[in-house]
There are 2 protein chains.
Amino acid sequence: MPDQNAPARTPHRPRSEASRRAILDASLDLCAEQGYGPVTVEAIAARAGVSKKTIYRWWPSKGAVVLEALDDVANPAADFPDSGDLRADLVAQMEGLVRGLLSDQRFGRALVGLIADTQHDPRLARGLVDDLFHPRIEDARRRLAKARDAGQLHQDADPDLAIELLYAPLYYRLLLHQGSLHSMDELRVLVDHVLRSTAPPA
Amino acid sequence: MPDQNAPARTPHRPRSEASRRAILDASLDLCAEQGYGPVTVEAIAARAGVSKKTIYRWWPSKGAVVLEALDDVANPAADFPDSGDLRADLVAQMEGLVRGLLSDQRFGRALVGLIADTQHDPRLARGLVDDLFHPRIEDARRRLAKARDAGQLHQDADPDLAIELLYAPLYYRLLLHQGSLHSMDELRVLVDHVLRSTAPPA
DNA sequence: TACAGGAAACGACACGTTCCGTATTGACAG
DNA sequence: CTGTCAATACGGAACGTGTCGTTTCCTGTA
């Protein structure tokens with residue numbers, strides 16, 4: 001497990017992994033309880049049993065803490081399945097995502113608030129896209145390209161457009177307060193529609 | 001021009017329409033210059049040449065001011081055309097929306113920040129949905145239902161699903177920092193895809 | 001001995017509210 | 001038609017509160 005955050009291997013007191021975990025956990029716990037907005041760095045520090053200075057030493061802002069916490073949580077949760085059946089894989093992945101957003105409020109409320117925060121913090125927006133979204137979008141793109149090459153999709157279907165059509169409705173409902181998130185039935189209908197539309201215009 | 005905001009016809013000094021306009025204009029101007037986040041009620045008051053108290057007398061928060069300002073601006077801008085040609089109407093409407101979001105930063109930056117703000121202000125979220133989004137979604141729904149009844153769409157196509165597939169990608173790119181908004185070409189491709197998928201699953 | 005970490009305090013700033021004085025209106029009386 | 005009055009909007013300034021990000025001083029640890 002190579003640590004890409006290694007602090008240049010200085011020969012002195014190392015960073016406390018216990019404090020790091022406590023901070024990340026506390027940030028998601030507080031988001032679940034109060035929502036992202038009202039959570040303060042001071043509250044995170046207090047909950048984690050840690051000094052404010054320790055947080056500001058390693059993260060530039062509350063958003064950066066929550067981003068790292070979400071990345072930790074999401075890593076195992078949102079893997080992209082590959083059973084050979086594209087439709088089933090898409091439905092399964094999206095079901096997992098929606099379930100994560102709904103059931104575990106540690107995830108949903110924190111993500112929504114974090115996205116809100118990125119609207120006036122360009123550096124945080126960079127981190128959200130590069131660390132959280134881009135890798136997972138790449139996974140989906142690869143899965144769709146593979147399906148296309150295997151003949152399960154029109155030969156010049158556009159994976160990027162398909163990804164937008166699939167996932168945008170989720171965030172549309174989530175961020176624009178359009179009712180509750182999709183039910184499992186609605187997800188299947190959504191995937192069916194998108195797969196049926198992946199032929200390019202005449 | 002019946003005034004539905006008439007304050008119960010009390011016999012005393014009426015609300016200053018000049019101040020109201022100055023406040024709404026100032027709020028959008030400041031959003032265009034600094035983005036929504038950094039704008040403060042104090043700054044709006046200063047720019048409008050108005051006392052803070054006057055703002056708090058009529059609006060509960062910065063968000064409520066910007067919401068009303070956006071509603072004023074959007075009313076003439078986002079009308080739904082009805083030429084009989086559904087595809088052309090959809091493209092035209094979405095082109096207008098995208099152009100408004102891109103060109104006039106008074107609109108785009110204010111809307112993005114306002115949406116962000118609604119993530120931790122339920123009352124503001126209510127206002128955003130009820131005042132800004134719902135009426136326009138209803139317009140789109142009517143237009144789609146009419147097209148369906150005219151035989152331009154599959155008989156049991158779902159207008160709500162179509163609306164989600166059409167507009168969600170816009171807000172997806174806007175709020176999740178996925179590149180720039182759609183080009184006019186991309187809008188046409190998007191509309192074509194959605195119209196092709198509006199048949200229900202077998 | 002160099003750095004991580006805890007505790008506490010700081011100045012800056014925006015919040016939402018309050019007080020006070022002034023300006024503007026409709027209602028009513030003559 | 002005109003003068004007076006009560007009610008309200010408005011501007012200006014100040015307030016207490018809370019969070020921000022930083023700083024200071026100290027202890028703990030490899």
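Worth saying up front: this structure is predicted, and the values here are computed from it rather than measured. Chain letters run A, B, ... following the sequence lines, proteins first and then strands; every chain starts at 1.
Contact check, B:Ser51 against D:dC10: no side-chain N or O comes under 4.0 Å of OP1 or OP2. OP1 or OP2 of D:dC10 sits under 4.0 Å from a side-chain N or O of B:Trp58. For A:Thr54 and C:dG6, the shortest distance from a side-chain N or O to OP1 or OP2 is below 4.0 Å.
Annotation: cation-pi pair A:Arg20/A:Trp58 absent, no NZ/CZ under 6.0 Å from the ring centroid and within 45° of its normal.
Comparing B:Glu42 and B:Glu17 against DNA chain D, the residue whose closest nucleotide sits nearer the 5' end is B:Glu17. Sequence order on DNA chain C of the closest nucleotides to B:Val39 and A:Gly49 puts A:Gly49 first from the 5' end.
Note: NZ (B:Lys62) to P (C:dA14) measures 11 Å, nearest angstrom. Look at CD on A:Gln34: it is 13 Å from C1' on D:dT19, rounded to the nearest Å. For B:Lys53 and D:dA14, the NZ to P distance is 17 Å, given to the nearest whole Å. Across the protein-nucleic acid pair, B:Ile44 atom CD1 and C:dG16 atom P stand 11 Å apart, rounded to whole Å. Atom CH2 in A:Trp59 sits about 13 Å away from atom P in C:dA4, given to the nearest Å.
Of the candidates C:dT25, C:dA9, C:dC19, C:dA9 carries the atom nearest the A:Lys52 side chain, counting heavy atoms from C-beta on. For A:Pro14, counting side-chain heavy atoms from C-beta on, the closest listed nucleotide (D:dA30, C:dG16, D:dG21) is D:dA30. Nearest nucleotide to the side chain of A:Arg57, out of C:dG6, C:dG5, D:dC20: C:dG5. Closest to the B:Arg13 side chain, of the nucleotides C:dG16, C:dA23, C:dT18, is C:dA23. Comparing atom distances between the A:Tyr56 side chain and each of C:dG16, C:dA4, D:dG21 picks out D:dG21 as nearest. For B:Val41, taking side-chain heavy atoms from C-beta onward, the closest of the listed nucleotides D:dC20, C:dT25, C:dC15 is C:dC15.
A donor-acceptor pair under 3.5 Å is formed between the side chain of B:Arg136 and the backbone N or O of B:Leu132. A distance-only check finds no donor-acceptor pair linking the side chain of A:Lys62 to the backbone of A:Ser27 [under 3.5 Å]. Using modelled atom types, one side-chain atom of A:Arg196 and one backbone atom of B:Ser197 make a donor-acceptor pair closer than 3.5 Å. Under the 3.5 Å distance criterion, the side-chain polar atoms of B:Gln119 are matched with a main-chain donor or acceptor of A:Leu175.
A salt bridge links B:Arg188 with B:Asp185; the closest basic N to acidic carboxylate O contact falls under 4.0 Å.
Residues from residues 115-127 of chain A with heavy atoms under 4.0 angstrom of DNA chain C: there are none.
Between the CG atom of B:Leu28 and the CZ atom of B:Phe107 there is a distance of 9.0 Å, given to the nearest 0.5 Å.
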